[in-house]
Amino acid sequence: MAEDNRDKRTGESEEERRRRISGYGEGGVDVVMSVDAVAREAERIAENAPTPEELLHLAGGDAFVSIEKLHAGYGRMEILHGMELRLGKGQSLCLIGPNGAGKSTVLHSIFGFTNIYSGVIRIGERDVTHMKPNQKLKEAGVAYILQDNSVFPDMTVEENLWMGGFLKDRPEEAKEAAERVFEKYPRLAARRNQPARVLSGGERRLLEISRALVMEPEVLLVDEPSIGLEPRFIDMVFEILDDLQRTEGKTIIMVEQNAKKGLEFADIGYVLVSGQLAKAGPGDELLEDPDVGRLFLGG
Ligand SMILES: Nc1ncnc2c1ncn2[C@@H]1O[C@H](COP(=O)(O)OP(=O)(O)OP(=O)(O)O)[C@@H](O)[C@H]1O
Ligand SMILES: [Mg+2]
């Protein structure tokens, strides 16, 4: 390795650098281009951030979900600095970006888990900026899919689904909705009377998604659906989301560390950097984008 290929700052050779940088986007744990390096490069990409007009165009000209000039965070700590988002009805969007960029915070803000200092969030014609999570679920048709073992292990599969309908006016409605879930997913139906703890990782994720469907939401917020799953279950989860979008017309906003899977799935991809939108495009175009490839796809 020629000396002049060494990084002037770190003294690393080209070979050492290549070995260190590996597959951020594959969802592996064998990290990564250094976090600082990704952040620096991502800031550079952000210099050509898309305009709201470009975002609306990507959304097909008519936004069903929109976020305008959003400043939001936790307590007094602002995390999102003027975030913009436009998504058409029935479209899917995947947010990617470095750890800590604020991706989950975008979902939290839409659902009502953050402090919103200024800006507007709209769903349909409705200004939902300051609605509480319960209202979002019951009145605005937004569901946030909890995960990381959010199923109740000692309750049966069926009882877990009923829990998803706790905001329904009549308990029978939740039961009816649960029956529709069982018709759709025989895997769950077969285990309806067993405690949820017997489910496999993939079945558990299916239950988490289905439980959100009991409220019959129009917009699904999904944070890292593939996390912790084996490849065959990852594919299953994406197939389920795909079905919810294509056959039921759900509008889906997801965050996915596995950028390749997420961008393959989604109509639109956004790259988020330091609490702002840095880049946006059709999912398949972002997959081919050299900057995205290098930073998030391990290419
Ligand atoms: N509940 C919270 N209270 C206070 N700060 C928070 C909270 N959740 C997140 N943060 C902070 O907000 C910033 C953005 O976090 P966020 O979880 O949105 O990032 P992310 O892009 O989803 O990252 P990751 O890829 O690691 O999931 C981080 O600095 C984080 O520490
Ligand atoms: Mg996150």
Side-chain angles (χ1 to χ4, degrees), residues 21-43 45-46 49 65 67 69-85 87 92-119 121 132-133 136 142-150 205 208-209 212 220-229 234 237-238 241 252-263 265-266 268-280 286 291-292 294-298:
I21 297 173
S22 73
Y24 182 96
E26 293 300 325
V29 283
D30 55 335
V31 196
V32 175
M33 192 166 164
S34 87
V35 173
D36 286 348
V38 172
R40 268 197 311 279
E41 295 247 5
E43 300 266 7
I45 297 172
V65 182
I67 298 182
K69 299 193 179 76
L70 183 74
H71 294 257
Y74 305 97
R76 267 182 280 168
M77 188 166 63
E78 183 173 306
I79 305 292
L80 301 178
H81 314 290
M83 177 68 195
E84 297 282 339
L85 181 154
L87 189 62
S92 54
L93 169 71
C94 178
L95 304 174
I96 62 171
N99 294 116
K103 305 180 295 296
S104 298
T105 304
V106 172
L107 300 189
H108 291 170
S109 296
I110 297 172
F111 201 56
F113 287 147
T114 59
N115 280 352
I116 294 180
Y117 315 119
S118 64
I121 303 176
K132 302 257 180 311
K136 291 269 170 60
V142 186
Y144 180 88
I145 296 179
L146 294 165
Q147 39 203 231
D148 280 345
N149 290 327
S150 67
R205 192 63 37 89
E208 285 159 348
I209 296 172
L220 297 177
L221 308 174
V222 198
D223 204 342
E224 309 218 14
S226 78
I227 202 162
L229 293 182
I234 294 178
V237 165
F238 277 99
L241 293 173
I252 298 178
I253 304 179
M254 77 160 60
V255 172
E256 186 46 74
Q257 203 66 249
N258 186 331
K260 183 165 181 296
K261 280 275 174 209
L263 293 177
F265 165 80
I268 303 173
Y270 279 11
V271 180
L272 208 69
V273 177
S274 307
Q276 279 170 312
L277 184 57
K279 198 172 197 121
L286 283 191
D291 286 329
V292 171
R294 200 162 34 83
L295 293 173
F296 305 115
L297 302 172

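Just so you know, these numbers come straight off a predicted model, no measurement behind them. Position 1 is the first residue of the sequence; numbering continues from there. Just follow the structure's listing: the first ligand is 1, and inside any ligand the first atom is 1.
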- Which of the ligand 1 atoms, numbered from 1, are nearer than 4.0 Å to a heavy atom of Thr105: 14 (C), 15 (O), 16 (P), 18 (O)
- Query: Going by atom types only, do Asn258 and Ser226 share a side-chain donor-acceptor pair under 3.5 Å?
  - Reply: no
- Sphere of radius 2.8 Å around the Mg ion (ligand 2) - protein N, O or S atoms inside: Ser104 OG
- Of the non-hydrogen atoms in Ala101 and Leu272, which two are nearest, and what is the gap between them? CB-O, 3.4 Å
- Task: Could you tell me which atoms of ligand 1, counted from 1 in the order shown, lie closer than 4.0 angstrom to a heavy atom of Glu224?
- Result: 27 (O)
- Are any of the side-chain heavy atoms of Glu256 and Phe238 separated by less than 4.5 Å? yes
- Note on the structure: For Gln257, the atoms of ligand 1 under 4.0 Å from one of its heavy atoms are 25 (O)
- Item | Sequence-distant partners of Leu229, side-chain contact (heavy atoms from CB on, under 4.5 Å), two or more places apart | Arg205, Phe233, Ile234, Val237
- Item | Atoms of ligand 1, numbered as shown, that sit under 4.0 Å from any heavy atom of Ile79 | 11 (C), 12 (O), 13 (C), 14 (C)
- Query: Which class fits the ring pair Phe113 and Tyr144: parallel under 30°, tilted 30 to 60°, perpendicular over 60°?
  - Reply: perpendicular
- From Cys94 atom SG to Lys261 atom NZ, the distance as rounded to the nearest 0.5 Å: 12.5 Å
- Is there a donor-acceptor contact under 3.5 Å from the side chain of Glu208 to the main chain of Ser150? yes
- Message: For Gly97, state whether at least one heavy atom is located under 4.0 Å from any atom of ligand 1.
- Response: no
- Is there a donor in the side chain of Gln276 and an acceptor in the side chain of His81, or the other way round, less than 3.5 Å apart? no
- Item | Under 3.5 Å donor-acceptor, Lys103 side chain and Gly97 backbone | yes
- What are the atoms of ligand 1, with element, lying closer than 4.0 Å to any heavy atom of Met77? 5 (N)
